[in-house]
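One structure is given below, encoded as structure tokens.
Start at 1 and go down the list; that is how both ligands and their atoms are numbered.
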Amino acid sequence: MNERYDIAIVGTGPAGLSAAINGKIRNKNVILFGNKQLSNKLVKAPKINNYLGYPNVTGEELKEAFVNHIEDMEIDIVQERINAIYAMGDFFSLMVNDKAYEAKTVIIATGMEFTKPLKGEEEFLGRGVGYCATCDAPLYKGKKVTIVGYNKEAEEEANFVSELASKLYYIPMYKGNYNLNTNVEIIKDRPLEIIGGSMVNKIRLNKVELDTDGVFILKDSISPGQLVPGLELENEHIKVDRNMITNIEGCFAAGDCTGKPYQYLKAAGEGQVAALNAVAYIDSKK
Ligand SMILES: Cc1cc2nc3c(=O)[nH]c(=O)nc-3n(C[C@H](O)[C@H](O)[C@H](O)COP(=O)(O)OP(=O)(O)OC[C@H]3O[C@@H](n4cnc5c(N)ncnc54)[C@H](O)[C@@H]3O)c2cc1C
């Protein structure tokens, strides 16, 4: 059997990190998923004036302080993107492609994605639209694929898919240098709509229309409702009570994903509440 963790935390922003240190202090076996950069929203902040005890800090400096703190407590970041979380009764299965991690409780701390879905994105989800290119790449062997990439990590997925697909279009939604295989065609245009019949067959951009069998939309985070089937949402946010408990037993949420205001300290505070209640939940089952 896989090792079963006490608390699996998804997200390495202030909410997830605060949950991780509090879970660890309470002697729980914690696994933390995210990335070594911690959070784009953290490193991009030019000046932060409302983080108690750190006046005038830059996002980069606060990130360094967070990194030192978790390293000090021997908390590792597992650099994996969780694609789906299934409630299995008395534990959760967290999926990364075809690999699964097991945990007694889950804390969702995935932040909030500000960009709206494309027209047709939700309609064709599972019928040519996907959020994990590497997971579904084999389905597109010898076919045309389009990747709408919102971050640098999407380039790695694009390179992998380009080895299987007959044609790969990459639509970058950010500026910079793109580290892509030579057979990837970069299209600098704004995507507007995904079109198809029973399956996707085109993507319409501002200036051109591309024939495509699949469209992958690769953002920092996906909608929590898609991440955890059955999770109750309220105005695009995860519905939680004062104890950061969701409608699914053993599943907690913290940070921007639970609603406004979008602030570091609110996120860190909620991460702490979520962790302490996850601990209480685990102990109540003993
Ligand atoms: C430019 C800018 C300036 C800001 N300035 C301030 C400020 O001065 N003061 C203030 O209080 N707030 C500020 N904010 C808001 C603040 O950044 C957010 O409120 C805060 O980062 C929310 O923390 P979080 O932990 O909820 O989520 P995030 O910081 O968004 O972190 C979520 C993390 O989870 C990861 N993740 C998502 N899905 C998955 C998955 N499936 N698997 C693995 N990992 C996943 C993401 O990659 C990300 O790293 C600013 C935001 C921006 C963009």
Those atoms of ligand 1 less than 4.0 Å from some heavy atom in N50: 7 (C), 8 (O), 9 (N), 10 (C), 11 (O)

T12 heavy atom under 4.0 Å from ligand 1: yes

Distance-only N or O hit between ligand 1 and Q263, under 3.5 Å: yes

Nearest heavy atoms of L231 and P224, plus distance in Å: CD2-O, 3.9 Å

Nearest-neighbour protein heavy atom for atom 52 (C) of ligand 1, which is reported as residue plus atom name and distance: K41 O, 3.8 Å

Numbered atoms and elements of ligand 1 in range of G255, under 4.0 angstrom, heavy atoms: 26 (O)

Atom NZ of K36 with >12 non-hydrogen neighbours under 6.0 angstrom: yes

Distance from atom 35 (C) of ligand 1 to nearest protein heavy atom, with residue and atom: G11 CA, 3.9 Å

Heavy-atom gap L38 to ligand 1 smaller than 4.0 Å: yes

Protein residue, atom and distance nearest to atom 25 (O) of ligand 1, heavy-atom basis: A15 N, 3.0 Å

Check: K144 side chain, L210 main-chain N or O, donor-acceptor pair, under 3.5 Å: no

Qualifying residues under salt bridge (charged side-chain N to carboxylate O under 4.0 Å, His left out), relative to E232, sequence neighbours excluded: K239

Cationic N near anionic O, under 4.0 Å, K141 to D213: no

Among A254, A45, S39, closest by any non-hydrogen atom to atom 28 (P) of ligand 1: S39

Worked check of ring-ring contact (aromatic ring centres under 6.0 Å, His included) between Y264 and F66: CA-CA 12 Å; Y264 299 121; F66 289 173; 7.6 Å; no

Candidate pair E249 and K285, rule salt bridge (charged side-chain N to carboxylate O under 4.0 Å, His left out), full reasoning: CA-CA 12 Å; E249 211 186 307; K285 298 273 165 194; 3.1 Å; yes

N35 neighbourhood, listing ligand 1 atoms whose heavy-atom distance to it stays under 4.0 Å: 47 (O), 49 (O)

Check against side chain to side chain donor-acceptor pair (under 3.5 Å), T212 and T146: CA-CA 6 Å; T212 191; T146 304; 2.9 Å; yes

Y131, Y140, Y169 screened by ring-ring contact (aromatic ring centres under 6.0 Å, His included) with F216, the one that passes: Y140

For ligand 1, the portion of D256 having any non-hydrogen atom under 4.0 Å away: both

For G34, the ligand 1 atoms whose distance to one of its heavy atoms is below 4.0 Å: 44 (N)

Ligand-side contact atoms (ligand 1) for residue partner S221, heavy atom cut-off under 4.0 Å: 37 (C), 38 (N)

Part of A109 within contact of ligand 1 (heavy atoms, under 4.0 Å): backbone

Identity and distance of the protein heavy atom lying nearest atom 30 (O) of ligand 1: G111 CA, 3.5 Å

Nearest neighbour in protein (non-hydrogen) for atom 36 (N) of ligand 1: D220 O, 4.0 Å

Close-contact set for ligand 1 against E80 heavy atoms, below 4.0 Å: 42 (N), 43 (C)

Over 12 non-hydrogen atoms of neighbours within 6.0 angstrom of CD in E236: no

Region of P14 that comes within reach of ligand 1 [heavy atoms, distance under 4.0 Å]: both

Ligand 1 contact on T110 by region, counting heavy-atom pairs under 4.0 Å: both

Any residue meeting side-chain hydrogen bond (donor to acceptor under 3.5 Å, both in side chains) with Q37, in chain and number order, not counting sequence neighbours: K63

Donor-acceptor under 3.5 Å (S18 side chain, G271 main chain): no

Over 12 non-hydrogen atoms of neighbours within 6.0 angstrom of CD in E121: yes

Ring-face cation of K266 near Y262 (centre distance under 6.0 Å, axis angle within 45°): no

Residue R81 vicinity, atoms of ligand 1 by number, heavy atom under 4.0 Å: 42 (N), 43 (C), 47 (O)

For atom 5 (N) of ligand 1, closest protein heavy-atom neighbour: Y264 OH, 3.8 Å

Protein residue, atom and distance nearest to atom 42 (N) of ligand 1, heavy-atom basis: I82 N, 3.0 Å

Atom indices of ligand 1 within 4.0 angstrom of Y262 heavy atoms, with elements: 12 (N), 15 (C), 19 (O)

